K.L.:
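Next up is a structure, given as structure tokens.
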Amino acid sequence: MAGELQLVIDGEARSVQSGCTAWDLPERQEHALAVWVDGQVLDLKRALPQSGTVQWLTFNDFSGRQVFRHSSAHLLAQAVKRLWPEAKLGTGPALDDGFYYDVALAEPLQEGDLARIEREMKKIVGENLPIERVELSRTEALTLFDQRAETFKRQIIEGIPHDAVISAYRQGDFIDLCSGPHLAATGLIQAIKLTSVSGAYWRGNEVNPMMTRIYGTSFPSEDELTQHLVHIEDAKQRDHRKLGPSLDLFSFREDAPGFAFWHPKGNQLYRTLEEFSRRLQHDRGYQEVATPWIYRVGLWERSGHWDHYRDDMFLIERDSEVLGVKPMNCPGHALLFKGATRSYRDLPMRLAEYSPLSRFERSGTLHGLMRVRGFHQDDAHLFVSQDQISQEMFGVLDLVDVMYRAFGLTHEVVFSTRPDNYMGDLALWNQAEANLEEILRDRGLKYQINPKDGAFYGPKLDIAAIDSLGRRWQLATIQLDFQLPEKFDLHYVDADGEFKRPVMIHRAIMGSLERFLGILVEHYAGAFPLWLAPVQCVIIPITDQQISYAQEIQRKLSRYGIRSEVDDRSQKMGYKIREAQLAKVPRMLVVGGRDQTNHTVSVRTRDQGDIGAKPWPDYLHQLIEEAEMPLA
RNA sequence: GCUCACGUAGCUCAGUAGGUAGAGCACGUCCUUGGUAAGGACGAGGUCACCGGUUCAAAUCCGGUCGUGAGCUCCA
């Protein structure tokens, strides 16, 4: 069949001359950026390599978008080279919503340089340079990039396997080592925005030189770019670092980097979350404990933290001995378990704790509430016999489900299996992994397997929650541990009178409460559901005449556990409503002369506005019902 | 920790060529008592992150420290 290819296009079979490109086909879609032929994404102007089904890739397809962004990265590199011919190129991939290119420059970029680069890029777009693919031998490739003094490119070429095709893409005077595919010409990239600059190690390795990473995004049209920038702006408005202080929930100060100040409202929110967790766990047989937060170094040596975690701990030296502030609760719980002779009748023993934990996170990694040095977990350790593992894991997964559903978060499970450097008995590992998988299947949970990513002491399930913006957050972790019971020589007396070794299950559902709260702030954009809201009701007297009536209402609300405030400032009602609305308070109870006479409250909800006068205290009972914790 | 950027009142920001600081909101006092998203007047508030240097003079120029941001790295 030499000389002919059999294609299926738009469901219709036809044959074409070999050497034919997708560009040549009369069926070519106007907005096609690249072409898909049986699993391979190709340049439009590259000769079709094989027979197969043809699909057009546009900006609306993930792969099409990747091609578009990748070509944008080349465009960026070309502009940089025009402005700084001595710049050395690293790599420049496409991202989910943009692209970047790493370059090594003699001088750091100045303010205004981004705009300069952007202008140069637009110029190249205007030139509408054709983008051509070139295939090179290894020697040709090395010679070409050596001539251009592209030392990083040489390193890349040296790493390419000997049987692989080496290709480069040329646009005008610019050429870049690249496997492609790319757009047909630079003119397609109509809208460009360079967004930020940062440092990045060459090949992501700390020992390598630091390069300048230039981020940008691009679209086929200005409208799409504008829309994208608006979305980014929306996300910024939800940023918990912005919303938190403006809703008077928490703040950070230079005096304590990595530790939050919880304001009265934020603390209330925090306590509500903790109480929610406490009630769910209490119903499931958990017992809350409080264990020491500073231990002598010997404990950390025994637990293995000293070897693996010392650099991340706050250490104190007093009376010529070293003390460590706890980064985790597990050793404390192990000691507590060990404090008495335990019977099989005590198992499963579920110890929960919310006390403070500290980790000396590297300064550059701190990030609002998401990454702090002082935090609290909804932590628990389950001491179980081997035949209780399944049932307990099942229980924990059930709790995850209830907890996340309460916040409208969906979740996904990642199952991490035995790593190469595992410790302990292989048979036990196999059994545990089989158990876990069975449980996941029984619950009908969708899960991904992360081979060899378990902890060295046992396999684990990590759970990622998906928030209202579709972002994934790794929150819960459930880990089977065979090692700590060994290290602490834990045992219980079994029914047969023999000492047996328990298994520990480490688990946290919300994970760090600080982080969880940060995520909730962004998930709800600060508009918390009634049961969570720190202030559930603001009572707004219209004139001073109604202040005592308002206070009477507040006392009643308070007695039934509804958190409320009376806004008795001498301001107009509209002003108070505006402030309550901006503070995202779920309910406003307006009380004027009419209400006082008729014994009503005029209700305004945060989401629906004015819903009219309601008889009091009927509305109190409605509120009590609506404000219940979603425990079921 | 590393690279780059940034750091002016509680918050958002202005501050032209180096000549001892300004607005809006918030806050306080007074006036106003108004039925569903901003009533008015007056007032208080800053060692311009901190330390040092250059200069007759530094918020402004230079160096260092701390913090924050975007990333990198790390993340039992």
Side-chain angles (χ1 to χ4, degrees), chain A residues 95 100 102 104-105 107-114 195-215 236 239 241-242 245-246 248 251-258 263 303-305 307-309 311-313 327-331 359-368 370-371 416 419 453-458 460 462 474 477 479 481 483-484 506 508 512 540-547 568-583 588-596 600 602-606 608-613:
Chain A
L95 302 171
Y100 68 79
D102 284 343
L105 295 165
E107 299 279 317
L109 286 182
Q110 300 294 311
E111 209 176 329
D113 281 343
L114 281 188
T195 48
S196 66
V197 180
S198 71
Y201 299 107
W202 167 238
R203 297 195 152 166
N205 191 329
E206 239 174 330
V207 304
N208 286 338
M210 180 69 78
M211 307 183 74
T212 303
R213 177 169 294 180
I214 305 172
Y215 286 88
K236 257 193 214 158
D239 193 321
R241 289 167 304 178
K242 194 177 164 62
S246 76
D248 201 18
S251 59
F252 288 89
R253 311 199 100 243
E254 272 191 30
D255 309 87
H263 299 13
S303 68
H305 285 82
D307 287 340
H308 293 275
Y309 212 70
D311 289 346
D312 294 309
M313 286 175 64
M328 300 171 199
N329 290 313
C330 19
R359 299 182 185 174
F360 192 81
E361 302 287 354
R362 295 168 78 173
S363 60
T365 61
L366 300 176
H367 184 93
M370 305 304 191
R371 193 75 176 272
S416 299
D453 202 36
F456 65 87
Y457 51 71
K460 64 171 178 175
D462 286 326
Q474 222 257 247
T477 181
Q479 306 177 351
D481 185 354
Q483 292 311 307
L484 213 58
H506 306 242
S512 146
I540 301 177
I542 295 179
T543 76
D544 288 355
Q545 308 305 310
Q546 291 86 44
I547 288 182
D568 58 2
R569 293 174 300 175
S570 90
Q571 281 292 351
K572 292 176 100 168
M573 178 194 53
Y575 181 87
K576 297 177 186 178
I577 287 175
R578 178 182 152 82
E579 290 222 329
Q581 190 73 37
L582 292 176
M588 286 155 250
L589 308 184
V590 176
V591 291
R594 285 206 301 272
D595 295 293
Q596 190 165 15
T600 57
S602 295
V603 181
R604 182 186 169 96
T605 75
R606 178 183 61 201
Q608 293 160 269
D610 188 357
I611 59 170

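Note that the structure is predicted; figures quoted are calculated from it, not measured. Computed from heavy atoms alone, side chains included, the values below leave out hydrogens, waters and symmetry copies. Protein chains get the first letters and strands the later ones, always in sequence-line order, with residue 1 at the start of each.
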K.L.:
For a quick test of reading the model: is some side-chain N or O of A:His367 closer than 4.0 Å to OP1 or OP2 of B:A70?
P.N.:
yes
K.L.:
Hey, could you give me the NZ/CZ distance between A:Lys236 and A:Arg241, rounded to the nearest 0.5 Å?
P.N.:
10.5 Å
K.L.:
Base, sugar-phosphate, or nothing for A:Met211, non-hydrogen atoms under 4.0 angstrom?
P.N.:
nothing
K.L.:
With salt bridge (Lys or Arg N to Asp or Glu O under 4.0 Å) as the criterion, how do A:Arg213 and A:Asp102 come out once you've worked through the C-alpha distance, each side chain's angles and the decisive distance to 0.1 Å?
P.N.:
CA-CA 4 Å; A:Arg213 177 169 294 180; A:Asp102 284 343; 2.8 Å; yes
K.L.:
How far, in whole Å, is B:C50 from B:U12 if one measures between their C1' atoms?
P.N.:
24 Å
K.L.:
So what does A:Gly592 hit on the nucleic acid, given a heavy-atom distance under 4.0 Å: a base, only sugar-phosphate, or nothing?
P.N.:
base
K.L.:
I'd like the P distance from B:C75 over to B:C61, given in whole Å.
P.N.:
40 Å
K.L.:
Tell me whether the side-chain N/O atoms of A:Gln479 come closer than 4.0 Å to OP1 or OP2 in B:A76.
P.N.:
no
K.L.:
If you check every side-chain atom of A:Tyr575, which of B:A26, B:G35, B:U73 has the closest atom?
P.N.:
B:A26
K.L.:
So if I take every side-chain heavy atom of A:Thr543 and compare against B:G35, B:U33, B:U73, which nucleotide ends up nearest?
P.N.:
B:U33
K.L.:
I would like to know whether A:Val603 and A:Leu589 meet side-chain contact (heavy atoms from CB on, under 4.5 Å); could you show each step before the answer?
P.N.:
CA-CA 5 Å; A:Val603 181; A:Leu589 308 184; 4.0 Å; yes
K.L.:
When you compare B:C6 with B:C62, how far apart are their P atoms, in angstrom units rounded to a whole number?
P.N.:
11 Å
K.L.:
What nucleic acid atoms does A:Asp312 come within less than 4.0 Å of, heavy atoms only: base, sugar-phosphate, or nothing?
P.N.:
nothing
K.L.:
Given B:G35, B:A76, B:U73, which nucleotide is nearest the side-chain atoms of A:Ile542?
P.N.:
B:G35
K.L.:
Tell me which nucleotide among B:U36, B:G67, B:G71 gets nearest to the side chain of A:Ser198.
P.N.:
B:G71
K.L.:
Mind checking A:Gly609 for me? I need base, sugar-phosphate or nothing, with any heavy atom below 4.0 Å counting as a touch.
P.N.:
nothing
K.L.:
Out of B:C2, B:C74, B:G69, which nucleotide sits closest to the side chain of A:Tyr201?
P.N.:
B:C2
K.L.:
Among B:G35, B:C75, B:U68, find the nucleotide with the atom closest to the side chain of A:Met573.
P.N.:
B:G35
K.L.:
Classify the nucleic acid contact of A:Tyr215 as base, sugar-phosphate or nothing, counting any heavy atom under 4.0 Å across all strands shown.
P.N.:
sugar-phosphate
K.L.:
Please report, rounded to the nearest Å, how far the C1' atom of B:G39 is from the NZ atom of A:Lys576.
P.N.:
13 Å
K.L.:
Can you tell me the distance, in whole Å, between the CZ atom of A:Arg253 and the C1' atom of B:A49?
P.N.:
11 Å
K.L.:
Should A:Gln581 and A:Arg604 count as side-chain neighbours, where that means a heavy-atom distance under 4.5 Å?
P.N.:
yes
K.L.:
With a 4.0 Å cut-off on heavy atoms, is A:Gln545 in touch with a base, just the backbone sugar-phosphate, or nothing at all?
P.N.:
nothing
K.L.:
Stepwise, does the side-chain contact (heavy atoms from CB on, under 4.5 Å) test hold for A:Tyr215 with A:Leu95?
P.N.:
CA-CA 10 Å; A:Tyr215 286 88; A:Leu95 302 171; 3.8 Å; yes
K.L.:
How many whole angstroms separate atom CD1 of A:Ile611 from atom P of B:U36?
P.N.:
16 Å
K.L.:
Identify whether any heavy atom of A:Gly364 sits under 4.0 Å from a base atom; if not, whether one sits that close to sugar-phosphate; answer base, sugar-phosphate or nothing.
P.N.:
base
K.L.:
Work out how far the C1' atom of B:G7 is from that of B:C74, and round it to whole angstrom.
P.N.:
27 Å
K.L.:
Would you compute the distance between atom CD of A:Gln483 and atom OG of A:Ser303 and round it to the nearest 0.5 angstrom?
P.N.:
12.5 Å
K.L.:
Between A:Thr477 and A:Gln479, do the side chains contain an N or O donor and an N or O acceptor separated by less than 3.5 Å?
P.N.:
yes
K.L.:
Mind calculating the distance between CD (A:Gln546) and C1' (B:U33) to the nearest angstrom?
P.N.:
9 Å
K.L.:
Is any N or O donor-acceptor pair between the side chain of A:Asp255 and the base of B:G67 shorter than 3.5 Å?
P.N.:
no
K.L.:
Compare side-chain N and O positions of A:Arg569 against OP1 and OP2 of B:C27 and report whether any pair is under 4.0 Å apart.
P.N.:
yes
K.L.:
About how many Å separate CE of A:Met588 and CD of A:Glu579, when rounded to the nearest 0.5 Å?
P.N.:
11.5 Å
K.L.:
Determine the Euclidean distance between corresponding P atoms of B:C31 and B:A23; express it in Å to zero decimal places.
P.N.:
26 Å
K.L.:
Given 3.5 Å as the limit, does a donor-acceptor pair link the side chain of A:Glu361 with the main chain of A:Asp312, or not?
P.N.:
no
K.L.:
Nearest 0.5 Å please: distance from the CD atom of A:Gln545 over to the CD atom of A:Gln596.
P.N.:
8.5 Å
K.L.:
Using a 3.5 Å cut-off on both pairing distances, which stems of three or more Watson-Crick or G-U pairs include RNA chain B?
P.N.:
B:1-7 with B:66-72, B:10-13 with B:22-25, B:27-31 with B:39-43, B:49-53 with B:61-65
K.L.:
Using a 4.0 Å heavy-atom cut-off across all strands, classify A:Ser602 as base, sugar-phosphate, or nothing.
P.N.:
base
K.L.:
To the side chain of A:Ser196, which of B:A70, B:G7, B:C72 is closest?
P.N.:
B:A70
K.L.:
The side chain of A:Gln581 lies closest to which of these nucleotides: B:A37, B:G39, B:C66?
P.N.:
B:A37
K.L.:
Look at the side chain of A:Asp544 and decide which nucleotide, out of B:A37, B:U33, B:G67, has an atom nearest to it.
P.N.:
B:U33
K.L.:
For B:G22 versus B:A9, give the span between their C1' atoms, rounded off to a whole number of Å.
P.N.:
10 Å
K.L.:
Contact class for A:Arg362 (heavy atom, under 4.0 Å): base, sugar-phosphate, or nothing?
P.N.:
base
K.L.:
Pick base, sugar-phosphate or nothing for A:His305, based on heavy-atom distances below 4.0 Å to the nucleic acid.
P.N.:
base
K.L.:
In whole Å, I'd like the distance from the CG atom of A:Asp462 to the P atom of B:A76.
P.N.:
9 Å
K.L.:
Report the distance from atom CG of A:Leu582 to atom C1' of B:U12, rounded to the nearest whole Å.
P.N.:
15 Å
K.L.:
Which is true for A:Ser570 with a 4.0 Å heavy-atom rule: it touches a base, it touches only sugar-phosphate, or it touches nothing?
P.N.:
base
K.L.:
On RNA chain B, check which nucleotide each of A:Thr212 and A:Asp307 is closest to and give me the residue with the more 5' one.
P.N.:
A:Thr212
K.L.:
Compare the minimum distances between each of B:A37, B:G39, B:C74 and the side chain of A:Arg604, then state the nucleotide with the smallest one.
P.N.:
B:A37
K.L.:
Taking the nucleotide of RNA chain B with the nearest heavy atom to each, does A:Arg606 or A:Asn205 sit closer to the 5' end?
P.N.:
A:Arg606
K.L.:
Using a cut-off of less than 4.0 Å, is there contact between a side-chain N or O of A:Arg241 and OP1 or OP2 of B:G69?
P.N.:
yes
K.L.:
With C1' as the reference atom in both, quote the distance from B:G19 to B:G63 in angstrom, rounded to an integer.
P.N.:
24 Å
K.L.:
Atom CG of A:Asp102 and atom P of B:C2: how far apart are they, to the nearest Å?
P.N.:
19 Å
K.L.:
Using atom CD of A:Glu254 as one end and atom C1' of B:G7 as the other, report the distance to the nearest whole Å.
P.N.:
8 Å
K.L.:
Please round to the nearest 0.5 Å and tell me the distance separating atom CD1 of A:Ile540 and atom CD of A:Gln546.
P.N.:
12.5 Å
